[in-house]
Amino acid sequence: MFRPLSNPAMTRDSSIRFWKFLRFPLLAGLLLGPAAQAASYRDRLAQDEIIYFLLPDRFENGDRSNDRGGLTGGRLITGFDPTDAGFYHGGDLKGLRARLDYIQRLGATAIWVGPIFRNKPVQGPPGNESAGYHGYWITDFTHVDPHLGTDGDFKALVEAAHARGLKVYMDIVVNHTADVIRYRDCPTSGCAYRSRADYPYTREGGPDGEPINPGFLGDQVQTTANFAKLASPIYAYRVYVPEAERHLKVPDWLNNPIYYHNRGNSTFTGESSTMGDFMGLDDLMTEHPRVVQGFIEIFGGWIDRFGIDGFRIDTERHVNPEFWRAFVPAMLRRAKARGIPNFTIFGEVSSPVIDVAQQAGHTRIDGMPLVLDFSFRAAVLQALAGQGGSDGLDLLFKGDPLYQGGAPATLAMPTFVSNHDLGRFAHFVRLGLPQASDDEVLKRVTLAHAMLFGLRGVPTIYSGDEQGFAGNGGDRAAREDMFASQVASYNATRLVDTDRTTAQSSFDPRHPLYREITTLAALRRSHAALRRGRQIVRAASDKPGLFAVSRFDPVDGHEILLAFNTSAEPLAANVEVDARSAHFRSFAGTCPSAATAPGSLAVSIPPLSYIFCEAVASR
Ligand SMILES: [Ca+2]
Ligand SMILES: [Ca+2]
Ligand SMILES: [Ca+2]
């Protein structure tokens, strides 16, 4: 769907083609608001979305009768303990459905729902157990976890979202299942990785062991005939499935250890990155044609049954490229056949630092249509959560042509500043600038969201950021409840710009960050340049100060200058603009009304603030 746009002087012919290409329902949706959007959500392109991401267990409790997932007993059986950050808290799909209005009023157009599949309720060594409240420990890939509701609840949620024109993205996992498979020669979960060289497939327990799997040519020969020769899974470890869990996984083929790597824990380096167990979670043999076919059936089934709009793919980088090369086109075909032309797939390629090469590599080698832009988060943190500069953002955007599809493809890439694994933006501001006042933290979080909504990519809001949630770390420390929380550590953490705490329900549309995001979302909706426009960096520095980009309207090519002051001091500077952009109007902050000379705009920006300036034909 991407095509390069000539800017700023687009020819009349290409402009007409572009309008035809847009199609009427989309325009109607953008111009007329939610009612018209409902009719056209299937036509909306991925780059026009604003994503709201949430974990359903932590969002809203709409049904107290399912809090224990239909299980009886203590928390180590049911997984339910609303006072412990590592257990189920009671949120569910009914609760989420009841809060769709809150999400839509914020300006979001798509909801990324954390995994909803049935999980192993509790896992972990004695004394260190926790629950599958996050959804990433799947045992049944074909049904909703009873803690979150029923398949019917999910259907009702998707239908209610679609009736409002909201899309629903499912969070899916193919890298691993829950931790069920055990190794006799390693009774704990801390089993070292055993490589293909040290433990070849064709010998039991090392090169000197008994011959097994005669004729198997290894996992790189990914044919049914070759994998038919892989009959024994005990090349690295002596694997077994505990008797009580022999048929725990659904579909049933997932219970056969032959479909797993069984080489011990990943060290997240070398071959273990794709073949090791993610902290004991059973790592699937995704090279095996049966596994490929099995997951195409499983997730194709969700598309058929529920008509969802996309997948966010967990641990994407830990699965071999050949799997994605088969899976992704199969899902897009399946969706198209179901009447979903713009099915959106984005993979998690996690990185704490700016790493465009790796992210882009997964779009080129795996054929992953989009990846979550972890590098964007790292660059914004560098610019706003310490004493660093905006040169990381410059570096990030210089890498955009590396993606499959080039820079235009990055318009649809989900960007974010907070998430459920690495932690929330406000936490890192407090960490990096311990002397910062509450007001300064608010300004920095606000500025980060202005970047999220103004710069290229699809803004992805992590639930709770709009209520000033800060968390005090990553993982479970950043997974606070939106409904009234009973977790002492959550309730003791100061929120940004409110005296409320997470002990109260947090769906407050008056929160300054909720209002700010609503405003930013409206700007994005009303300016195609922010959704679809080419972007060029105008100013960046290795120190706090001016960061500026221009974006260009995809239809008539007119310019919008976005200028950010990442320093705590007022700023005045000349910024280069297009020589044809003579006059400007402000649509955020205060802009000069005219260029000082052709190609130069003199801007003044208050500390930690931003201005968005749109070129207009005349004053
Ligand atoms: Ca519940
Ligand atoms: Ca395991
Ligand atoms: Ca893997």
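Counting begins at 1 with the first residue of the sequence. In this text, all values refer to a predicted model and were calculated from it rather than measured experimentally. Each ligand, and each atom within it, is numbered from 1 in the order the structure gives.
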Ring center gap for Phe117 and Trp302 short of 6.0 angstrom:
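Phe117 vs Trp302: aromatic centres under 6.0 Å.
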Phe346 ring center near Phe311 ring center (under 6.0 Å)
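That pair fails the under 6.0 Å test.
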Residues [X], [Y]: salt bridge by 4.0 Å N-O rule:
| X | Y | result |
| --- | --- | --- |
| Arg479 | Asp475 | yes |
| Arg99 | Asp101 | no |
| Arg203 | Asp208 | no |
| Lys167 | Asp309 | no |

Would you verify whether the NZ or CZ of Arg184 falls within 45 degrees of the ring axis of Tyr240 while also being under 6.0 Å from that six-membered ring's centre?
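Yes; both conditions hold, so Arg184 lies above the ring face of Tyr240.
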Taking the Ca ion (ligand 2) as the vertex, measure the angle between atom O in Ile181 and atom O in Gly280; round to 10°.
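Between O of Ile181 and O of Gly280, at the Ca ion (ligand 2), the angle is about 160°.
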Apply the test side chain to side chain contact (heavy atoms under 4.5 Å, CB included) to residues Val174 and Trp324: give CA-CA distance (whole Å), side-chain angles for both, the deciding distance (0.1 Å), then the verdict.
CA-CA 10 Å; Val174 304; Trp324 301 123; 3.4 Å; yes
Quick check: of its N, O or S atoms, which one does Asp179 have closest to the Ca ion (ligand 2)?
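Within Asp179, restricted to N, O or S, the Ca ion (ligand 2) is closest to atom OD1.
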Can you name the N/O/S atom of Asp282 that is nearest the Ca ion (ligand 2)?
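Output for this pair reads OD1.
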Nearest 10° is fine: what angle sits at the Ca ion (ligand 3) between OD2 from Asp283 and OD1 from Asn175?
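It comes to 120°.
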Does Gly90 bring an N, O or S atom to under 3.0 Å of the Ca ion (ligand 1)?
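It does: Gly90 brings an N, O or S atom closer than 3.0 Å to the Ca ion (ligand 1).
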Strictly under 3.0 Å, is any N, O or S atom of Ser65 next to the Ca ion (ligand 1)?
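So Ser65 does not bind the Ca ion (ligand 1) by this criterion.
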Check [X] and report its N/O/S atom nearest to the Ca ion (ligand 1), by atom name.
| X | answer |
| --- | --- |
| Asp63 | O |
| Asp92 | OD2 |
| Asp67 | OD1 |

Would you say Thr274 reaches the Ca ion (ligand 3) with an N/O/S atom under 3.0 Å?
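Checking Thr274: at least one N, O or S atom is under 3.0 Å.
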Indicate if the distance from the Ca ion (ligand 2) to the nearest N, O or S atom of Asp277 falls below 3.0 Å.
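Of the N, O and S atoms in Asp277, none lies under 3.0 Å from the Ca ion (ligand 2), which means no.
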Quick one: report the N, O or S atom of His318 that is nearest to the Ca ion (ligand 3).
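Nearest N/O/S atom of His318: O.
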